Amino acid sequence: MATISQFNLSTCMSFSCSTPKQQRLCIKPVFWALNSIKAARNPVEKHQVWSQESVRGRPVFRLRAVEDEAELINEVAAAAVAVAEEVKPEKDSEIESLKKDLVDSFNGTYRGLSATSEIRAEIVELITQLEAKNPTPAPSEALTLLNGKWILAYTSFPGLFPLLSRGPVLAKVEEISQTIDAENFQVQNSVLLSGPLATSSITTNAKFEIRSRKRVQIKFEESIIGTPQLTDSIVFPESVDFLGQKFDLSPLKGLITSVQDTASSVANTISSQPPIKFSISNSNAESWLLTTYLDEDLRISRGDVGSVFVLLKEGSCLLTP
């Protein structure tokens, strides 16, 4: 019975055969490539091992010797490249089209605040179609996809409308985002505000627990009001037009410089202060969120008051107009 003493990607150091005359055959080392081993297609019977017929009971491996070391290296490298270049499945064209139509429908709605009833109906229909084609059956357990920063593109949550309706007079909402730390089961909701002379942020930190394949329970722990970052310089024009007349402001350059220096000093003093933190411990400290669609670009979630949230992953091409 022939036996192979060692077989792997390295050199086979010995190959011994036992014959009726107990003769021992020594063969010089050879190289065998990964793709030179093929299993026989003929069916086998488990009770047989060796016979004059086909081997039955275990697969037969056909070995092809590679005497040229360079050939072996090339074949192994080619096999490694083939594994590394695993072809990703093509994206569903219908889903991609629905996603684009959904994002396009958000234009001019100011994250849902200014959406008309007709636009809302169109958005609801597109969301329903996407939810029916959700490529992630268990979104709550897909932590790799959930992890990262998500930008709010649309919501029907009425609790955000007072904030969004402030408009650019006092402060403009630049961004509303949710950052998920899947490893530590933490969530951070953040609102970035900007005004004529300063920017600031409001952040809420929370923990989440997986309750089902699609639902997570969220417990809010603290809120943080970021220290306003004041503009450290005020730019004055060199001249202004008033009632058809142009007035030169260059004589006031010294006064303007003094005002700029004062503004810069005040801005640095205020901006250096720590943010304001306070804990959350009331009946509104808990909520749940149901994720009904999830892929690498887009997430659709529904809240416990029937509201819907559509978020886009930071860096997604869907964020580009």
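Just so it is clear, the model here is predicted, and its values are computed rather than measured. Computed from heavy atoms alone, side chains included, the values below leave out hydrogens, waters and symmetry copies.
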Path from L319 to V103 over hydrophobic side-chain contacts below 4.5 Å: yes
Can you give the donor-acceptor pairs under 3.5 Å from side chains of residues 185-192 to other protein atoms, not counting sequence neighbours?
residue, atom, partner, partner atom, Å
Q188, NE2, N205, OD1, 3.1
N189, OD1, Q178, NE2, 3.0

S97 side chain to S93 backbone, donor-acceptor under 3.5 Å: no
S287 side chain to I218 backbone, donor-acceptor under 3.5 Å: no
Stepwise side chain to side chain contact (heavy atoms under 4.5 Å, CB included) check, K99 with I95: CA-CA 6 Å; K99 286 162 59 176; I95 289 180; 3.7 Å; yes
Separation of L290 CG from S140 OG (nearest 0.5 Å): 7.5 Å
Beyond-backbone contact of I176 with I151, side-chain heavy atoms, under 4.5 angstrom: no
For the student: nearest non-hydrogen atoms of L102 and I300, plus distance: CD2-CD1, 4.5 Å
Side-chain touch S223/I202, heavy atoms, less than 4.5 angstrom: no
Value rounded to 0.5 Å, distance of CG in L126 from NZ in K100: 12.0 Å
V310 side chain reached by Y293 side chain, heavy atoms, under 4.5 Å: no
Nearest heavy-atom neighbours spanning L298 and D295: N-OD1, 2.7 Å
Cluster link L143 to L294, ILVMFWY, side chain under 4.5 Å: yes
Distance in Å, T136 OG1 paired with E296 CD, rounded so as to fall on 0.5 Å steps: 8.5 Å
F208 side chain near I180 side chain, heavy-atom distance below 4.5 Å: yes
Pairwise distance OG1(T291) to CG(N134) - rounded to 0.5 angstrom: 9.0 Å
Aromatic ring pairing Y154/F106, orientation class (parallel under 30°, perpendicular over 60°, tilted between): parallel
Nearest-0.5 Å distance that lies between atom CD1 in I123 and atom CG in D101: 12.0 Å
T199 backbone acceptor or donor facing S194 side chain under 3.5 Å: no
Nearest heavy-atom neighbours spanning P139 and K214: CD-CG, 3.7 Å
Atom of G226, atom of P275 and distance for their closest heavy-atom approach: CA-CB, 4.1 Å
Minimum heavy-atom distance between W150 and D297, given as atom pair plus value: CZ3-O, 3.8 Å
Shared hydrophobic cluster for L289 and I210 (ILVMFWY, side-chain gaps under 4.5 Å): yes
Path from V305 to F309 over hydrophobic side-chain contacts below 4.5 Å: yes
K207 NZ to K219 NZ distance, which is reported to the nearest 0.5 Å: 11.0 Å
S105 vs E122, side chain to side chain donor-acceptor pair (under 3.5 Å): CA-CA, chis, key distance, verdict: CA-CA 8 Å; S105 68; E122 178 184 346; 5.1 Å; no
Closest approach of R120 to T155 (non-hydrogen atoms, all atoms of both residues): NH1-O, 4.3 Å
Side chain to side chain, L146 and R299, heavy atoms closer than 4.5 Å: yes
Residues R302, T292; criterion side chain to side chain contact (heavy atoms under 4.5 Å, CB included); working and verdict: CA-CA 7 Å; R302 295 182 178 272; T292 54; 4.2 Å; yes
hydrophobic_cluster_shared for F220 and I224, side chain cutoff 4.5 Å: no
